[in-house]
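Here the structure is laid out as structure tokens; the discussion comes afterwards.
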Amino acid sequence: MSDPRQPAEALPDQTVEPATSRRGLSRRGLLGAAGAGVVGLGAGVGATLLTERQSTAPQAAVPAGPVRYAFHGPHQAGIATPAQDRLHFAAFDVITDSREELVALLREWTDAAARMTQGDGAGELGPTSGPYDAPPDDTGEAIGLPASGLTLTFGFGPTLYEKDGQDRFSLEQRRPEALVRLPHFSGDKLDPERSDGDLCVQACADDPQVAVHAIRNLARIGFGRVSIRWSQLGFGRTSSTSTAQATPRNLFGFKDGTANLKVEDPELLADHVWVPPSSERRAAWLHGGSYLVARRINLTIETWDRQSLREQERVVGRTKAEGAPLSGGTEFAEPDFTLKGSDQAPMIAPDAHVRLVHPDHNGGARMLRRGYNFVDGSNGLGRLDAGLFFLAYVRDPRTHYIPIQTKLGLSDGLSEYLQHTGSALFAVPPGVQPGQFLGQGLFT
Ligand code: HEM
């Protein structure tokens, strides 16, 4: 059979890459990036930011225009990276029993992730090249799309180490103590089909098609070794993670992320997000990594929408308009929990969300929240299946998440309008150096 794919002829606004995509279309080729050299820029902490036209001078963390984040570095990108607008999150079950196959998969994922985050296809040949009688090594829906700030962040769940009493891949000796099974929290109504997972990948990008393309190709590469257990699409970040970003709003209509940890504060990240070197010997491989808590939280939007503005602000503890604490001041003012109104009641109610989660009431613990809004259609009763896909990075979930969630489940005024329907915890290995693969320290 003749090959109808002819040597590519560049259209006026296209550049065709010379070698690997000789006969086909590549992503960056179409973007005319061939003439643009790329130099890394410091972008806050951890992730390095790359733009199409660049200089070595430090710049604002959130530039206008197309963005690429370096894949290699001390920490995985997608944590201390200014939160992108879109999410596709996937949890995987490992379906092979072979440790070698698992390692091979992680190597292949590392290569594909390094390529896709730079705006290239998942494989070297590209979506329209390679043997005509074999599936292409990229699925093609990202042809012509830029990197769109794509980050891919990988994690290992507790069941990668031990499942049904089996030390599946001889990893149990290296399981960090903090990689626990999360306890049942009051108010949980968890769907097992939306919970847990041996591996996870958080794909964040400013274009949803780029994020979906990345997860799809990682799943395709993993065929026969992993299968998707559950996945979640998210739109509209619910947290700012950089001082250069405006605070977004969650589906309750409130600003979210005001008091979040920000990438511009490396000391706070070191104290609350990155796993320190000295924590435990069995977790030495996790130094520079983190823990990711993922919770699918449904909002009973219809009930919420019938509450008065007074009640809405009371349970949050902040104003809806500006996001300022009810004790006064502007958005970034520190809440004063001691202040009382003329009725002698605390201006920030005892069960207000911001009171319960404030670091002063949690032994100083803070977290890097990086969640997204979601709407997964409706439930047939005229109600939206919608909520907040809560993602938080912490250095130890036993001190920085579990006690806080326990308290929220029992006393949070917001919890009347929430239902936790999915839950997972992952250990997130440190960043990858060139020549290494994801989580290499765990296996070597
Ligand atoms: C759908 C559920 C949730 C909603 C709608 C929500 C909403 C909010 C809002 C509006 C704020 C104030 C703005 C800000 O500082 O970011 C806030 C702050 C915060 N929330 Fe939530 N939240 C939810 C779930 C959670 C959960 C599950 C946790 C942790 C267990 C949590 C932890 C925090 C923390 C740590 C802060 C910052 C407090 C501070 O440092 O002053 N939130 N949340």
Side-chain angles (χ1 to χ4, degrees), residues 83 182-183 185-188 190 234 236-241 245-262 265 268 272-273 291-301 303-304 307 312-327 329-337 348 351-375 386-394 397-425:
L182 289 177
F185 298 106
S186 175
D188 276 5
L190 302 182
R237 60 187 167 84
T238 58
S239 270
S240 40
T241 58
Q245 294 179 307
T247 314
R249 288 180 187 266
N250 58 36
L251 290 183
F252 279 167
F254 276 74
K255 284 190 182 176
D256 205 338
T258 302
N260 201 15
L261 292 179
K262 302 278 160 62
D265 202 334
L268 284 178
H272 298 282
V273 175
Y291 290 90
L292 169 60
V293 179
R295 304 280 290 180
R296 184 177 188 273
I297 308 177
N298 274 82
L299 310 180
T300 49
I301 287 187
T303 313
W304 176 259
Q307 304 308 310
Q312 293 185 4
E313 293 193 343
R314 195 191 69 78
V315 295
V316 172
R318 288 184 178 272
T319 62
K320 196 165 188 175
E322 195 185 341
L326 291 186
S327 50
T330 54
E331 180 185 352
F332 294 99
E334 257 304 300
D336 182 344
F337 298 109
I348 299 178
D351 64 344
H353 183 71
V354 296
R355 178 189 284 273
L356 296 175
V357 292
H358 194 275
D360 286 357
H361 305 142
N362 294 288
R366 303 191 62 178
M367 51 184 85
L368 181 85
R369 289 171 290 136
R370 222 179 180 284
Y372 287 83
N373 295 319
F374 71 85
V375 177
L388 193 157
F389 188 63
F390 177 90
L391 294 169
Y393 288 89
V394 293
R398 297 168 301 176
T399 50
H400 282 57
Y401 176 72
I402 293 173
I404 304 173
Q405 184 60 56
T406 303
K407 193 183 347 170
L408 288 182
L410 294 171
S411 346
D412 188 11
L414 261 187
S415 61
E416 199 179 321
Y417 307 98
L418 308 178
Q419 203 169 64
H420 289 238
T421 50
S423 175
L425 176 68

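From a predicted model like this one, the values you see are computed outputs, not experimental measurements. Whatever order the structure lists them in is the order used to number ligands and atoms, beginning at 1.
- Counted by atom type alone, R366 and H272 present zero donor-acceptor pairs between their side chains at under 3.5 Å.
- If you look at P359 next to ligand 1, the close heavy atoms, those under 4.0 Å, all belong to the side chain.
- Considering all non-hydrogen atoms of both residues, G234 and Y372 come closest at CA-CB, 3.9 Å.
- Contact annotation: R295 has no heavy atom less than 4.0 Å from any atom of ligand 1.
- Residue contacts with ligand 1, taken as heavy atom pairs separated by less than 4.0 Å, involve L408 solely via side-chain atoms from C-beta onward.
- At a 3.5 angstrom cut-off on N or O pairs, A259 counts as close to ligand 1.
- In N260, neither the side chain nor the backbone holds a heavy atom less than 4.0 Å from any atom of ligand 1.
- Near H358, with a cut-off below 4.0 Å to any heavy atom, the atoms of ligand 1 are 41 (O).
- Checking side-chain atoms of Q419 against main-chain N and O of T300 turns up no donor-acceptor pair under 3.5 Å.
- Considering backbone and side-chain atoms together, M367 places no N or O closer than 3.5 Å to any N or O of ligand 1.
- Within ligand 1, the atoms closer than 4.0 Å to a non-hydrogen atom of Q405 are 27 (C), 30 (C), numbered from 1 in the order shown.
- Checked by distance only, ligand 1 and N250 stay at 3.5 Å or farther apart across all their nitrogen or oxygen atoms.
- Using a 4.0 Å cutoff on heavy atoms, I297 counts as a contact of ligand 1.
- Between Y417 and F252, the ring planes lie perpendicular to each other; the angle is over 60°, past the 30° to 60° tilted range.
- For ligand 1, the polar-atom distance check finds an N/O of H353 within less than 3.5 Å of one of the ligand's N/O atoms.
- Remark: ligand 1 atoms within the under-4.0 Å shell around heavy atoms of F252 are 5 (C).
- With F390, F185, F254 as candidates, the residue nearest to atom 26 (C) of ligand 1 on a non-hydrogen basis is F390.
- With L251, N373, D256, T238 as candidates, the residue nearest to atom 7 (C) of ligand 1 on a non-hydrogen basis is D256.
- Near Y401, with a cut-off below 4.0 Å to any heavy atom, the atoms of ligand 1 are 30 (C).
- When the options V357, L356, L388 are ranked by their closest heavy atom to atom 35 (C) of ligand 1, first place goes to V357.
- Looking only at protein heavy atoms, the nearest one to atom 18 (C) of ligand 1 is R369 NH1, 3.4 Å.
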